[in-house]
Structure formats: C-alpha cells, structure tokens
There are 2 protein chains.
Amino acid sequence: MVQIPKQSAPSSPAQRPVPTSADVARLAGVSRATVSYVLNNTSAVRISEPTRRRVHEAAKELGYVPHAAARSLRAGHSRMVLMPAPTVPVGPLYSQFFNELQWALSRLDYTVVQYGGVGLHGDEAARAWAELRPVAVLVPGSGLGPEGLAVLKRAGARAVVTLGPERVEGAHALLMDHDRVGHSAGAHLLARGRRRIGVVMPGESGLEIFSRPRLDGVRRALRGSEASVTELPLAYAEEDAARLAARWRTLGLDGVFAYNDEYAMLLMRALQDEGVGIPDETAVIGADDLMLGRLLRPRLSTVHIELPSGRDLAELVDRAVRRPGAAPETHEVLGARVVHRDSS
Amino acid sequence: MVQIPKQSAPSSPAQRPVPTSADVARLAGVSRATVSYVLNNTSAVRISEPTRRRVHEAAKELGYVPHAAARSLRAGHSRMVLMPAPTVPVGPLYSQFFNELQWALSRLDYTVVQYGGVGLHGDEAARAWAELRPVAVLVPGSGLGPEGLAVLKRAGARAVVTLGPERVEGAHALLMDHDRVGHSAGAHLLARGRRRIGVVMPGESGLEIFSRPRLDGVRRALRGSEASVTELPLAYAEEDAARLAARWRTLGLDGVFAYNDEYAMLLMRALQDEGVGIPDETAVIGADDLMLGRLLRPRLSTVHIELPSGRDLAELVDRAVRRPGAAPETHEVLGARVVHRDSS
DNA sequence: TTGAAAGCGCTACCAA
DNA sequence: TTGGTAGCGCTTTCAA
C-alpha cells in the first residue's frame, strides 16, 4: 500500500459561517419569507420582478445553498431514496441496473443515496437507515427482517422494497430467485446428456446468498432423473482450482455448473491444464454472460441473467410513495436463459 | 427486460405519526431533555438508574429512532462523509479500497454516503452535495472545479479531498496519475526490445480520464528512444477487436499496451484468432493485475496498480475535519509496477 | 406584494 | 437529578 504520511500545518483563520436564507434576506432587503418564495418559485404568491432579481442576486453573491436537513425537517418528509451500498464487487450487470434506477429516480425528483454499511447487520442497519428518514428504502439481498421493516415504517419510510430471494411480509418485493439460474444450467446439462453434475460453491463469503439457491436450482432441475449432484467448494484462486482439477477424474463428473463465468474461467483453465477435455469429458457452463466467456476457447456456455429495468423499479417506488397504504407488490423479476456455446 | 406490471390496490388507514423524543418523554413521564440525556449517554449529567430504565423502555416500546436531520441541524454540523457514486462499473480494486475506507471512517464515527449523481455535472453536482451539508466530500475523477470547491466550503464542508489526476487549489488531493501506469508499460515494452508500440484507447466514454494519461505515460517512457506510438481505438466488443486484428500486420506493431487486462484479453483473443504470435510477433501488456490475466495463455503481463489504503485516507479525512484551517495535503498515491508474465 | 411568526425534532444551557 | 426553553434553517399560514 502507498503510504500517506502524517503532515501538520498552521491553522488558518476561522471560516465564515455558512450563509442562511436570513443572510440572503438581509442582503436583499426583504424578509426570509420572500426569499423562500423566490428561490422556490412558489406559484401561490406573486413576487415583483425587481424583488426577485434582488433576491437572486443576493443569493448568488453569498453563494447560498439551501439546507436540505432544515428543509425536510420543516416539510416533514424527504425525497431521499436510500439503498445500502453493495459490499462485494459488483459486476457490469448490477452497475447498469443501478445507474438506470438512479437516473429514473432523479427524473422523478428523488435523491438516491447509497448508505455505506460495512459492519452493520440486520436491525442495527435498519435503525441506521431509519435515522435518515428516507422516503423509500431499497434493500438488496436478504438482510431485512420483519423487525427491521417495522423500524423503517415507523420512521416514516413510505416504500420499502426488497430485492432478493424472499419477500418480507409488508414490504414490496422484487423477487430475484437465483434458483432459476441453477435450474436453467442444470436442465441444460441434463439435456446435453450429462448425469454426474458438479456445482461450484464459491469459498468467498457473502456469495452464499447466490450460490445456495443456484445449487438448489440445479437439484430441482435434476429431480426425477437419474442424475446426481456433487458440491464443489472452490476459492477464487489458481492453486485451489488446480487442487480441484487434480482430483477431477476421481470425481467422475461429466458436467459442471461453475457458479458464474469468472469461476468457470478459473476452473476451465485448471481442467485444461490437467488435460481434461471440454466439453467431451466434462461440460462446463457458467452464468452472467460476461464478455470473457465469449473469449474463452472453447467458448463458454452460460446462463444469461436479466435484471428488472431500473425504470420499472423507479416507477414502483414512486407509486408506493404516493400511495403508502397500498398493498405491497411482489414481482418475479429474474430472468434466466441458457446461452449455449461450445463448452457444453 | 423483465416487466413490472402496474398494479393497484385499496389504500389502508393513515399511518401513525413518527414517534419523537417528546413522545418518549411523555410515555416515560419525564422531560424531553432527560430523554436526550439518557439516549445520548450524556456524561455531563447524572440520571438515576430507574429513570434511565423508564426512558429506554419507553423508547423501545415506541420504536423510537432519532431524527438525524434534526440532530445535525441543532448541532450545526453532521458526521456525513459524502462521495459521489461511481457511474462506470468498477473493478475489485476500487471496491476493496472503498470498503476499507468506509469501514475505517465508520470506526471514526463518520457516516459514509454515496450520492447517486448520474446526470449532474460540475458545479451543479457540487451544489447538490452541498445541500446535504456533509462534513467532508471525497471526489474521484476530475469533476470538481474551483467554483464547486468554493460552494462546498461555503456550505461548511471541512474537508474536501479529490482523488484524481490533478489537484484543485485549496482542496486536499490524492493524486492518482495514471501516467505512471502507461509509463511502466511503455518502459517495459521498450526494455523488451519493442519499438513500434500500440496503445489501446477504449471507445467507451468515461474512460478517457484514465486512457488519456496512460497514453501520455507511454509516450513519456518512449521519449528519447527511436520507438513510436500508435493509438488504437477499440470498443469493448468482439467484432471491433476482430476488425483491429485483421489489419494488425499492416500496422507493423511489435508491442501493445492494451489499456487494461480486460481489453488485453479481448485483443489477445482476436490476435490469436488471426494467427498473430504472442509475444514473438507482438508483445501484449495489460493493467490492473486481474485474476483473468493469470488464466490466459500466454499468461498476461500486466501493470499492477496500488491504490492508497482506505485507512490512510480515512485518517486524512479525520485530520482535515479536526483542523479545517490546515494547509491542504497533496499525496502521490498511485503505485504502478510491472508484473512480467508470458505475453511480453 | 411583503412580513411576522410558528413550529418541524433535537440538544445544551441554565435554573430549580 | 431533572425540567424549561432557546434556537438550529427552513416553509407556510395569516395579517398587513
């Protein structure tokens, strides 16, 4: 790591206090009320053009910026949509989804804020979020329990939406059941005539939320067939992959769902180094449909995942905020379809 | 995209108002002051144990959560550290850095918030941030100008830190000059005996902040030598890479710096499909030292990039907050070193 | 067309 | 040990 050395310096004179609307009023020679009317373009009241100009000029001269906290305190509500920041590196899929969401919510005049909550868990996290009195909270994963939801609602959140595997009673839910991903992969391998199927389980913590349901999905796809499932713990490291590959033939697997494309790449490389034929000896399929899969040889089969559109989620949020009493909506939003290439 | 259908439902009875400290006081049979003392563990004042218990019970019963905006309004300052959310998908390097930073700041009792600012630019963005009255603002990239800085300072931000290629007068700066990355790559290729060197310039917008300085770095490394530089515009798409590879031999390049490992993988694949020998005919080097580079054949040479530690940045922030008048610190924090593998 | 003033929820000073 | 209360910056009702 690059070091940032400690450094000291003489302190400069105390900074000027932050200008308030009262300062603007004083400078413009009007009342604070008038300032508010002018700066907010209040339509219920007519302010003369010269006065408007004076106010605007005063505001600009002072560099006045309204105080969001004071405003929302007075208003009794905010337009803040809060979302916990992801703590695991997130792929291009999610990035795009989030950007879209954020853009759409901005258009609806909401302010989107990601709350950095490393170290906060469960209800503790919900309390921290509630302190900010967001008008809506979007919770990915499965970190929200009934108690957390209650806290948020009591704190005035008019819309709480979970994005994850299960719904919470009373909250809106965008169900993203990764079971489907595993199911697609499993069904595909089965259809390709594979019967002894491995499923990679990432060793990295935080991924169980995805890997567990994906495994279940594979199991579900194979139910009623004579095919079997073998769990394959695998850390995202070359040596671990090599170790797994070394004992590959003893496992006797003819197909493997590698959790996602990145793990698939790791595993494929190790298998190829070991001389295991892909797809003849073992078929490999990943998930996420990343570019890298297309660049591998053999080209990697994968499960393409569709997230909901950010615009749709933004509209759901807006609807819920406007009709807070409405019954929670639940939507299955995770699409999964196999992209068959050469590795399976 | 998966559609979320519109949906309607009858609205339920109006929700109870959000409980305030006055409600807690009423229920506990004490004053609001006492509630505040108890819930904040104010050490300057002793509250009897029975009273404490009554207050805590009342708070729990009502599900009371303090109102952060009211608190910081009263206090005259917040503990919020604001950072614009990245709009481009961000790699594991940055994710780790951010997590570390966030964790370290939490330990120092700051609240870290990422502000979703798609669509906001320059001073407009600075104004939006200023409305939240953050105690510190961390700005990656080069989006902050002198005017934006002034706005933030006037709004009471006690620390403004830029993380990018250049400093802004009056703000702390963590200089991350990607020139160094290009310089390392260029020097390496030169040392390997390459003289006609290509530099991939990603077609994706938003990446110029990195690609331009990296290119300059290569140029700088080659200055004084007889080596030449050729810019290679390349979109992150197979076809575009194939197109580039098809005319590769007419370019007569014997070395290429591929911007980063992902573009390197894309280009290498296209070159190999075209029958171009790597590294004999053309040496390839990427950047970022991603896992995928180790999985390629030949293994990808790369420039390993070191970001500052999140802990150090957190300490810089804390220092600056505590001594707001101190002279801005500037640190060169981007480390770059070549990891030589088989592709160069 | 403009101003005076109340009050959002909270904390901290001063008094009891 | 506890309570009364002023006031943070803002909007909005009511009066002038």
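Side-chain atoms are counted along with the backbone in the values below, which use heavy atoms only and exclude waters and symmetry mates. Everything numeric here is computed off the predicted structure, so don't read it as measured data.
Atoms NE2 and CG, from B/His331 and B/Leu316 in turn, are 5.5 Å apart once rounded to the nearest 0.5 Å. In this structure, OG1 in A/Thr162 is found 9.0 Å from CE in A/Met176, a value given to the nearest 0.5 Å.
DNA chain D lies under 4.0 Å from no heavy atom of any residue of residues 59-70 of chain B. Residues from residues 27-45 of chain B placing a heavy atom under 4.0 Å of any atom in DNA chain C, listed by number, are B/Arg32, B/Ala33, B/Ser36, B/Tyr37, B/Asn40. A heavy-atom distance below 4.0 Å to DNA chain C is reached by none of the residues of residues 47-57 of chain B.
Legend: residues meeting side-chain contact (heavy atoms from CB on, under 4.5 Å) with B/Ala136, ordered by chain and number and at least two apart, are B/Val81, B/Ala159, B/Val317, B/Val321. Judged as a side chain to side chain donor-acceptor pair (under 3.5 Å), and not counting sequence neighbours, A/Thr42 has no contacts. Annotation: side chain to side chain donor-acceptor pair (under 3.5 Å) contacts of B/Ser21 (sequence neighbours excluded): none. In this structure B/Ser106 satisfies the side-chain contact (heavy atoms from CB on, under 4.5 Å) test together with B/Gln102, sequence neighbours excluded.
Shortest non-hydrogen contact noted between B/Ala320 and B/His172 is CB-NE2, 3.5 Å. Of all heavy-atom pairs between A/Leu82 and A/Pro134, the closest is CB-CB, 3.8 Å.
For the pair B/Leu73 CG and C/dG7 P, the computed distance is 17 Å after rounding to whole Å. Computed from coordinates, the B/His77 NE2 to C/dC10 P distance equals 16 Å when rounded to whole Å. Look at CZ on B/Arg74: it is 11 Å from C1' on C/dG9, rounded to the nearest Å. The distance from atom CG of A/Leu132 to atom P of C/dG9 is 16 Å, rounded to the nearest whole Å. In this structure, B/Arg71 places its CZ atom 8 Å from P of C/dC10, rounding to the nearest Å.
Residue B/Arg107 places its CZ atom among 12 or fewer non-hydrogen atoms of other residues, nucleotides or ligands, all under 6.0 Å distant.
Applying the salt bridge (Lys or Arg N to Asp or Glu O under 4.0 Å) rule to pairs touching residues 135-150 of chain A yields A/Glu147-A/Arg154, sequence neighbours excluded.
Computed from C1' positions of five pairs at each end, the angle between the two local axes of the helix from C/dT1-D/dA16 to C/dA16-D/dT1 equals 40°, rounded to 10 degrees.
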Using distance only, find each side-chain donor-acceptor pair of residues 110-131 of chain A under 3.5 Å and give its atom names and separation, not counting sequence neighbours.
from	atom 1	to	atom 2	distance (Å)
A/Tyr110	OH	A/Asp318	OD1	2.6
A/Asp123	OD1	A/Gly148	N	3.3

Tabulate below the donor-acceptor pairs under 3.5 Å that side-chain atoms of residues 46-53 of chain A make, not counting sequence neighbours, or state none.
from	atom 1	to	atom 2	distance (Å)
A/Ser48	OG	A/Thr51	OG1	2.7
A/Arg52	NH2	A/Asn41	OD1	3.1

Using a 3.5 Å cut-off and no angle test, enumerate the donor-acceptor pairs between side-chain atoms of residues 58-80 of chain A and protein atoms at least two apart in sequence or in another chain.
from	atom 1	to	atom 2	distance (Å)
A/His67	ND1	A/Ala69	N	3.3
A/His67	ND1	A/Ala70	N	3.2
A/Ser72	OG	A/Ala68	O	3.3
A/Ser72	OG	A/Ala69	O	3.4
A/His77	ND1	A/Ala75	O	3.4
A/Ser78	OG	A/Met80	N	3.2
A/Ser78	OG	A/Arg133	O	3.0
A/Arg79	NE	A/Asp109	O	3.3
A/Arg79	NH2	A/Leu108	O	2.8

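Phosphate proximity of C/dC10 to B/Ser21: present, with a side-chain N or O under 4.0 Å from OP1 or OP2. Within the structure, every side-chain polar atom (N or O) of A/Arg46 is placed at least 4.0 Å from both OP1 and OP2 of C/dT1.
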